[in-house]
K.L.:
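Got a structure for you, questions after.
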Number of protein chains: 2
Amino acid sequence: MTADEERITVAQMSAETGVTAHTLRYYERAGLIRPVARNSGGHRRYSRADVAWVSFLLRLRETGMPIAQMREYAALRERGPITIQPRLELLEEHQARLREQLARMRAHDKALSAKIALYRDDRGQAQTHDEEQDR
Amino acid sequence: MTADEERITVAQMSAETGVTAHTLRYYERAGLIRPVARNSGGHRRYSRADVAWVSFLLRLRETGMPIAQMREYAALRERGPITIQPRLELLEEHQARLREQLARMRAHDKALSAKIALYRDDRGQAQTHDEEQDR
DNA sequence: CTAGAAGTTAGAGCACGCTCGAAGTCAACC
DNA sequence: GGTTGACTTCGAGCGTGCTCTAACTTCTAG
């Protein structure tokens with residue numbers, strides 16, 4: 001249908017996404033990527049859309065979404081536009097979790113700063129604080 | 001030395017820190033917690049300082065520090081105030097990594113928002129966008 | 001004193017997300 | 001058409017961080 005048929009090998013895909021060839025195949029096996037198009041010899045030929053999809057998957061992964069849930073999302077996507085609503089809900093829930101995570105990280109950052117400030121004061125003069133006292 | 005000898009059982013420790021008794025013992029084995037004081041029967045009796053230390057460990061864990069590095073930090077702490085400088089450096093490096101992580105998460109959050117906005121527009125009217133086109 | 005709850009150790013097992021090896025096939029270039 | 005390198009599948013293996021079991025001991029309340 002589409003006139004431009006730019007298709008890339010697994011190695012090129014790996015270079016573009018930063019994911020190893022092994023992992024790309026694993027993602028396919030795991031149901032995150034639908035069966036990739038093949039050339040006459042049975043070698044994978046990824047499309048531009050595949051690149052975009054994997055990039056999106058990586059975003060989900062890096063924000064802590066487990067493979068199982070990514071698979072769920074991928075399965076919904078397979079079923080076409082009728083699943084837009086549930087996909088939207090899934091993403092919204094994920095974003096909510098991401099934001100909680102962000103809040104926690106910010107709090108940890110603040111606490112770390114306080115701890116580091118204490119250590120800076122201690123430097124040289126042998127002092128102790130909080131959980132540093134020995135029995 | 002210290003007059004107040006408030007010491008708690010592993011179950012109480014678990015309740016206070018949110019870490020299971022199994023995991024508390026694992027942390028001890030792993031070298032994250034120094035050998036905990038025991039009562040006459042060989043049962044662990046955690047001190048208040050232990051609670052503070054475990055809380056701090058959890059902060060490191062939740063910000064993605066691997067057990068091995070936490071062990072390193074714990075080992076430095078064992079060696080007393082002379083190791084304040086290296087401990088400070090370790091914490092500073094960790095905070096730097098944490099902040100990079102925060103930056104990435106924020107970017108992911110933004111991207112997710114954009115994606116969600118697109119989905120909201122699509123809702124009902126069967127449209128497609130980015131990596132949604134089928135083949 | 002005794003029943004049952006809670007603690008102890010050593011070590012096995014598990015969930016997750018890759019990661020790799022082996023053995024064979026295909027592609028690309030001279 | 002031969003050689004070299006990329007690709008294929010299948011399945012095993014691995015690193016991390018717990019998590020659990022078994023068999024046994026101790027503690028606590030009645």
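Below, chain A is the first sequence line, B the second, and so on; all start at residue 1. Side chains are part of it too, since the values below use all heavy atoms of this structure and drop only hydrogens, waters and symmetry mates. As the structure is a computational prediction, the values presented were derived from the model and not from experiment.
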K.L.:
Heavy atoms only, 4.0 Å cut-off, all strands: where does A:Arg44 land among base, sugar-phosphate and nothing?
P.N.:
sugar-phosphate
K.L.:
For B:Gly42 and for A:His43, locate the closest nucleotide of DNA chain C by heavy-atom distance; then report the residue assigned to the nucleotide nearer the 5' terminus.
P.N.:
B:Gly42
K.L.:
Of the non-hydrogen atoms in A:Ser14 and A:Ala21, which two are nearest, and what is the gap between them?
P.N.:
OG-N, 3.9 Å
K.L.:
When all nucleic acid strands are considered with a 4.0 Å heavy-atom cut-off, which category describes A:Arg61: base, sugar-phosphate, or nothing?
P.N.:
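Counting heavy atoms under 4.0 Å across all strands, the contact made by A:Arg61 is with sugar-phosphate only.
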K.L.:
Taking only the side-chain heavy atoms of A:Arg29 (C-beta and beyond), determine which of C:dG17, D:dT19, D:dG11 contains the nearest atom.
P.N.:
D:dG11
K.L.:
Is the shortest side-chain N/O distance from B:Tyr27 to OP1 or OP2 of D:dG17 below 4.0 Å?
P.N.:
no
K.L.:
Classify A:Arg45 by what it touches in the nucleic acid, base, sugar-phosphate, or nothing, heavy-atom distance under 4.0 Å.
P.N.:
nothing
K.L.:
Return no unless some side-chain N or O of B:Arg38 is found under 4.0 Å from OP1 or OP2 of C:dT9.
P.N.:
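Indeed, a polar side-chain atom of B:Arg38 lies that close.
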K.L.:
C:dA27 phosphate, OP1 or OP2: any side-chain N/O from A:Asn39 under 4.0 angstrom?
P.N.:
yes
K.L.:
For B:Thr9, which contact category applies under a 4.0 Å heavy-atom criterion: base, sugar-phosphate, or nothing?
P.N.:
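Result for B:Thr9 = sugar-phosphate.
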K.L.:
Can a side-chain donor-acceptor contact be found between A:Glu16 and A:Gln12 if the only test is distance below 3.5 angstrom?
P.N.:
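There is no such pair between these side chains.
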K.L.:
Return the nearest nucleotide to the side chain of B:Ile67; candidates are D:dT21, D:dG17, C:dG17.
P.N.:
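The answer is D:dG17.
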K.L.:
Please check if atom CZ in B:Arg38 has more than 12 non-hydrogen atoms from other residues, nucleotides or ligands closer than 6.0 Å.
P.N.:
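Counting neighbours around CZ of B:Arg38, more than 12 heavy atoms of other residues, nucleotides or ligands fall under 6.0 Å, so yes.
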K.L.:
With a 4.0 Å cut-off on heavy atoms, is B:Ser40 in touch with a base, just the backbone sugar-phosphate, or nothing at all?
P.N.:
sugar-phosphate
K.L.:
Check the distance between D:dC20's P and B:Leu24's CG and give it to me in whole angstrom.
P.N.:
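Going from B:Leu24 (CG) to D:dC20 (P), I get 14 Å.
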K.L.:
When you measure from the side chain of A:Arg25, which nucleotide among D:dG17, C:dG17, D:dT8 comes out closest?
P.N.:
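Among the listed nucleotides, the one closest to the side chain of A:Arg25 is D:dT8.
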